[in-house]
Each structure stands twice: as C-alpha cells, then as structure tokens.
Amino acid sequence: MDERYIMHRLYSTRLAALVGAVSLGVWFNVEMFRKDIYRWDLFIILSMMAVVKVVALLYYKRTN
C-alpha cells in the first residue's frame, strides 16, 4: 500500500474528528445558553473525545 494513501486517510480521519468535536461543542453550547437545557450526554461525549485526543497525543509523543 502506498504511504501517501495511508497519510491521506489519516488526515481525513483527523479532520473529520475535529469537525465532529467542534460541532458537538457548538451544539452543547447552543442547548445550554439559548434553550437553557443542560445536555450532559453531549458534554460526556465531548469530554471523552478530548481525553482520547490528549492520551493519544501523549502516547505517540512518548513512543516516537
């Protein structure tokens, strides 16, 4: 398999995760500030995404 294909797949997956996290954060804030509804399920998912991102960053930094 070509290395460029793997890197493009990695970049597209990273971009999709970033867009998903930002969209989820915006949705959580809209629900909280405009509708005065605290959606803790959205907050938990957003927190899990952030924790996984930081743990993966630290793991890859340590192993390389």
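FYI, side chains are in, hydrogens and waters are out, and symmetry mates aren't considered; it's all heavy atoms of this structure.
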Can you give me every donor-acceptor pair (side chain of residues 34-42, partner residue at least two apart or in another chain, under 3.5 Å) with its distance?
| unit_1 | atom_1 | unit_2 | atom_2 | d |
| --- | --- | --- | --- | --- |
| Arg39 | NE | Asp41 | OD1 | 3.3 |
| Arg39 | NH2 | Asp41 | OD2 | 3.1 |

If you look only at distance, which donor and acceptor atoms sit under 3.5 Å apart when one is on a side chain in residues 46-60 and the other is two or more places apart or in another chain?
| unit_1 | atom_1 | unit_2 | atom_2 | d |
| --- | --- | --- | --- | --- |
| Ser47 | OG | Phe43 | O | 2.9 |

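If you chain together ILVMFWY residues whose side-chain heavy atoms come under 4.5 Å of each other, Tyr11 ends up grouped with Met7, Leu10. Its side chain within the 4.5 Å cluster rule, Leu15 clusters with Val19 among the Ile, Leu, Val, Met, Phe, Trp and Tyr residues.
For residues 54-64, the set of pairs meeting the salt bridge (Lys or Arg N to Asp or Glu O under 4.0 Å) definition, not counting sequence neighbours, is empty.
A single hydrophobic cluster is seen to contain both Met32 and Leu24, as judged by linkage of ILVMFWY side chains at heavy-atom distances under 4.5 Å, directly or through other members.
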